[in-house]
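A, B, ... follow the sequence lines: proteins, then strands. Residue 1 opens every chain. For the numbers below, each heavy atom of this structure counts, side chains included, while hydrogens, waters and symmetry mates do not.
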There are 2 protein chains.
Amino acid sequence: MIDRDAIIASAEAVLDREGFSATGMDRLIKAAGVSSRTLYKHVGGRAGLILAALEAREERFFAAVRSDGVEELFRSLAEWVETEGAHGCFFLRALGEAGASDPSIAERVRAHKEATAGLIEACVAKDLGREDALLAAQILVLLEGATHAAVYRGASAVEAAGEAAATLLEAARGGPERAGG
Amino acid sequence: MIDRDAIIASAEAVLDREGFSATGMDRLIKAAGVSSRTLYKHVGGRAGLILAALEAREERFFAAVRSDGVEELFRSLAEWVETEGAHGCFFLRALGEAGASDPSIAERVRAHKEATAGLIEACVAKDLGREDALLAAQILVLLEGATHAAVYRGASAVEAAGEAAATLLEAARGGPERAGG
DNA sequence: TGAAAAGTAAAATGATCGTTTTACATGCGG
DNA sequence: CCGCATGTAAAACGATCATTTTACTTTTCA
């Protein structure tokens, strides 16, 4: 009995490394190590495989990053980048390369970005002892920037993002004196 | 006499709006409003057209953003996003969708990211009265993050990035007391 | 004015790609 | 041990796509 999850996991890896539109079915079939007949029987087709790969990535990513603080979040992201490499946000790439023709992909991406925003809000709340939507929005930009700057600057971009986040956090702690009272 | 620049400008717009791999030659030909024969005579082929579109974007982008300060930079970026929309970095998308098979595209992208880093260093130096490579690296992450978060959060992501940059700048001004100094 | 240059429309070409089908092998439960 | 689930290998199919070519018209300018 062939493992559907293994097919999907290999697709997730290849799509991330080589891109969505650049990767044909024959490449995904070869990577899965099964016949085309079997792969189509298990995932339906290209659209189903991509959607399943997005779901697999969602699970794997949220299992890998920590949500118990902003510093911890960026440290775990740096580790992710070092082991997985950086090719830009898997979900935004899916949206741009395959999401135009497939609304269910667009919906997956939207859900991922919403979940990510929630993760960051939780980290900020943990560190600050209160919610801070504006700071969370800024740190979301840092996370998104780290993900994409890491494509050409590697893990050091994630480190820079983590340091920036620490500075913003410090300012938010000591700094209602800066604006508005 | 048909304007080569007009062909390229229309390609830049369509590729940005609809993506590289999702956009076929017939779409680019229709957008240019010329015959396929004429377009091929002017730009050589798909690879030449994409490369020319990248060059056009480089020129247009650096003409649109200000380099006389970090706040000015993010304000002009917000205006860009409001008039042009946000689809992620045009260059990183080109790299992911067309750069694997074309080294000259990869080189263009590298040059763009280098120029962007220089732009940010200049803004930081102007505001700070001195160079600060670490701060510039953090603001680069903010710029990259603004570009990509704007895909799903619009111009407000750029505003958040600008505010974060201002906080980092303030900390860098008042803050050698924070570490090491 | 007349010929070369430059343009259009549309068919043809050849390659690639997602998907299906054909023909056959294997292993497992009743 | 029969029969069906499940698998492989590979050909076939139809669609799409980049590019070229054919046939013809318009523009330009010496």
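- Neither OP1 nor OP2 of D:dT6 sits under 4.0 Å from any side-chain N or O of A:Thr38.
- Atom-to-atom, OH of A:Tyr40 to P of C:dG18 comes out at 6 Å; the value is rounded to the nearest Å.
- Side-chain proximity of B:Ser36 to the nucleotides D:dT20, C:dT8, C:dG7 is greatest for D:dT20.
- Residue whose closest nucleotide on DNA chain D sits further toward the 5' end, between B:Ala47 and B:Met1: B:Ala47.
- Distances from the side chain of B:Asp26 to the nucleotides C:dT8, D:dA18, C:dA10 place D:dA18 closest.
- Using a 4.0 Å cut-off between charged nitrogen and carboxylate oxygen, B:Glu79 and B:Arg75 do not count as a salt-bridge pair.
- Looking at A:Arg37, its side chain comes within 3.5 Å of the base of C:dT22 through a donor and an acceptor atom.
- If you take CG of B:Asp102 and C1' of D:dA18, they are 15 Å apart, rounded to a whole angstrom.
- Among the nucleotides D:dT19, C:dG7, C:dT8, the one closest to any side-chain atom of B:Val34 is C:dT8.
- If you take CZ of A:Arg46 and P of D:dA15, they are 19 Å apart, rounded to a whole angstrom.
- Counting only heavy atoms from C-beta on, A:Met25 has its side chain closest to C:dT19 among D:dG7, D:dT8, C:dT19.
- Taking atom CG of B:Leu28 as the reference point, atom P of D:dA18 lies 8 Å away to the nearest angstrom.
- Nucleotide D:dC13 forms a pair with C:dG18, judged by Watson-Crick or G-U wobble geometry with both contacts under 3.5 Å.
- Note: A:His148 and B:His148 have parallel aromatic rings, judged against thresholds of 30 and 60 degrees for the angle between ring planes.
- Between A:Ile2 atom CD1 and D:dT6 atom P the separation is 11 Å, expressed in whole Å.
- Atom NZ of B:Lys41 and atom C1' of C:dA9 are 15 Å apart (whole Å).
- Pair assignment for D:dA5: none, as no Watson-Crick or G-U wobble contacts are both less than 3.5 Å.
- Under the 30°/60° scheme for interplanar angles, the aromatic rings of A:Phe90 and A:Phe20 are found to be tilted.
- Rounded to an integer number of Å, the gap from A:Lys30 NZ to C:dT16 P is 12 Å.
- A:Thr38 places no side-chain N or O within 3.5 Å of a backbone atom of A:Val34 that could act as its donor or acceptor partner.
- Atom P of nucleotide D:dA9 and atom CG of A:Leu39 are separated by 13 Å, given to the nearest angstrom.
- With a glycosidic angle further than 90° from 0, C:dA25 counts as anti.
- Salt bridge annotation for A:Glu144-A:Lys113: present, with a cationic side-chain nitrogen under 4.0 angstrom from a carboxylate oxygen.
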